[in-house]
Structure formats: structure tokens, C-alpha cells
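To start, the structure under review is shown below, and the notes come after it.
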Amino acid sequence: MKITQHTITNLIAKDSSGCFWLIGLFFVVIAGTFVIGLMGAFNNLNELNQLEQTAAWSISLAGVAAGIWIIYSNPAIKSDFDKREDVVKINRKGFMKNESEQYPLKEIDDIVINESKDDDGDPIFSVDIKLNSGKTIPLTKTWLRNKKDLEENIKQIKDFLGKG
């Protein structure tokens, strides 16, 4: 998460999807190449028996589906805290979906860091907005490692909101 704009009346924080879109694209391109080959682009396709072709189709289509899922499930998130309109607008932009929601600034109770552990046991972090109603809205989709930077960003947001 990175703060890209900070004025007296407006603060914008963005969370990019990192390299997940590139990884997903890699899966789609490589597996898609095999799908195209199985559709007739391979010259020696007739050398495969039915079981081998079925296995190749299954693996290739699974690779394309995995790539699309990786891209789809990792949107970029833009959080726009606007004092003039007295709202926070949260826009999630991803592959085949754009979601927007907004909440009054006075509805924001807190901005918190969530901590978890990765596969190696190292700490990873995400950031959420906690509303007065108890609902939490994620400001980051991917789990991040830079706790110090996240704490600084949260401090800036809280200071901006007058909750520091």
C-alpha cells in the first residue's frame, strides 16, 4: 500500500496487485499455447492416444483457468479519502470486474493492521478499515511484509481523518 496523493482535503492510497497479474498472464500464455496446439497446431497430434490427449487437455485448461483465477482474484485497490464529500471511496479494479463502494468518513472507527504468518512462519500484514458497525473493509488484497511502511501509511491516514 502506498499513499499517492495527500492534500488538505484528499488522501489517496493505492494497493497494487504486484506481480500476480504477470504470473497469471504467464499461466494463460503457456497453457494457452498448449490449448492452441491441441486444437490442431501441433503437427504430431495424431501420435497421442486418447488418454494422453485427455490428460493434455485437462492440464492445459487447468493452467488457463488457474491463470485467469490468479488475475481475477488479485485486484488493485484505490482508497480515496475525501473530506469535501465526507466519504471514503474504495475502488477495486481487476480482470473482468470493477467494484466501488463508499462510506461516510464519520463511519470509520479505526484503521488496523492484521498480522498472519506465511508458509515459512515469517510475519505478513494486511490493512483494514474498521467501521462503527463492526464491518471491516480491506485496503490491501495481498499480504505484505513491510510493517514499518504500513504503520507510517496508517498514521498518515489517521492524522488526515483526525483519529491520530
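Within a 6.0 Å sphere centred on CZ of Phe20, other residues, nucleotides and ligands contribute 12 heavy atoms or fewer. No more than 12 heavy atoms of other residues, nucleotides or ligands shown are found within 6.0 angstrom of CZ on Phe26. In the displayed structure, Asn43 atom CG is contacted under 6.0 Å by at most 12 heavy atoms of other residues, nucleotides or ligands. The number of heavy-atom neighbours closer than 6.0 Å to NZ of Lys148, taken from other residues, nucleotides and ligands shown, is 12 or below. More than 12 heavy atoms of other shown residues, nucleotides or ligands fall within 6.0 angstrom of atom CZ in Phe125.
Counting only heavy atoms from C-beta outward, the side chains of Ile108 and Val88 approach each other to under 4.5 Å. With contacts defined as side-chain heavy-atom distances shorter than 4.5 Å, the pair Lys93/Pro75 does not qualify. When side chains are defined from C-beta on, Val35 counts as touching Trp57, because their heavy atoms get closer than 4.5 Å. Under the 4.5 Å side-chain criterion, counting only non-hydrogen atoms from C-beta, Glu52 is not in contact with Glu47. Using a 4.5 Å heavy-atom cutoff, the side chains of Glu107 and Ser133 are in contact. At a threshold of 4.5 Å between non-hydrogen side-chain atoms, the residues His6 and Gln156 count as touching. You'll find the side chain of Ile3 reaches within 4.5 Å of the side chain of Ile157, heavy atoms only. In this structure the side chain of Phe27 never reaches within 4.5 angstrom of the side chain of Val64, judged on heavy atoms.
Ion pairing between Asp110 and Lys158 holds under the 4.0 Å rule for side-chain N and carboxylate O. Using a 4.0 Å cut-off between charged nitrogen and carboxylate oxygen, Lys89 and Glu101 do not count as a salt-bridge pair.
No single ILVMFWY cluster, assembled from side-chain heavy atoms under 4.5 Å apart, contains both Val112 and Ile90. Residues Ile12 and Phe160 fall into different hydrophobic clusters, defined by Ile, Leu, Val, Met, Phe, Trp and Tyr side chains chained together at heavy-atom separations under 4.5 Å. Hydrophobic clustering (ILVMFWY, side-chain heavy atoms < 4.5 Å, transitive): Ile36 and Leu45 are in distinct clusters. Both Tyr103 and Ile129 are part of a single hydrophobic cluster, where members link through side-chain heavy atoms under 4.5 Å apart. Linking Ile, Leu, Val, Met, Phe, Trp and Tyr whenever their side-chain heavy atoms come within less than 4.5 Å puts Trp69 and Phe34 in one cluster.
Checking each of Leu161, Leu150, Asn153, Ile137 against Ile111 for a side chain to side chain contact (heavy atoms under 4.5 Å, CB included) leaves exactly one that passes, namely Leu161. Just one of Ile70, Ile68, Ile23 meets the side chain to side chain contact (heavy atoms under 4.5 Å, CB included) condition when paired with Val28; it is Ile68.
Considering only residues two or more places apart in sequence or on other chains, Asp118 meets the side chain to side chain donor-acceptor pair (under 3.5 Å) condition with Arg145.
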* Val127 vs Asn114, side chain to side chain contact (heavy atoms under 4.5 Å, CB included): CA-CA, chis, key distance, verdict -> CA-CA 6 Å; Val127 178; Asn114 302 311; over 6 Å; no
* To do: For the pair Asp80 and Asn10, evaluate side-chain hydrogen bond (donor to acceptor under 3.5 Å, both in side chains) and give the outcome as yes or no after the intermediate values.
  => CA-CA 7 Å; Asp80 184 355; Asn10 192 263; 2.7 Å; yes
* Quick one: do Lys83 and Leu105 satisfy side chain to side chain contact (heavy atoms under 4.5 Å, CB included)? Show the steps, please. => CA-CA 8 Å; Lys83 285 185 178 177; Leu105 291 179; 4.2 Å; yes
* **Worked verdict on Lys147 versus Glu115 for side chain to side chain contact (heavy atoms under 4.5 Å, CB included)** => CA-CA 9 Å; Lys147 183 177 183 181; Glu115 183 171 346; 4.1 Å; yes
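Atom OG of residue Ser60 and atom CD of residue Gln53 lie 11.0 Å apart, to the nearest 0.5 angstrom. Here the CD1 atom belonging to Ile113 is positioned 11.0 Å from the CG atom belonging to Leu139, to the nearest 0.5 angstrom. In this structure, CZ on Arg84 lies 6.5 Å from OG1 on Thr7, to the nearest 0.5 angstrom. From Asp128, atom CG reaches atom OG1 of Thr136 across 5.0 Å, with rounding to the nearest 0.5 Å. Atom CG in Asn44 sits 7.0 Å away from atom CG in Asn46 (nearest 0.5 Å). The NZ atom of Lys14 sits 9.0 Å away from the CD atom of Gln5 when rounded to the nearest 0.5 Å.
For the residue pair Asn91 / Asn98, no side-chain donor-acceptor distance below 3.5 Å is found, with atom types taken as modelled.
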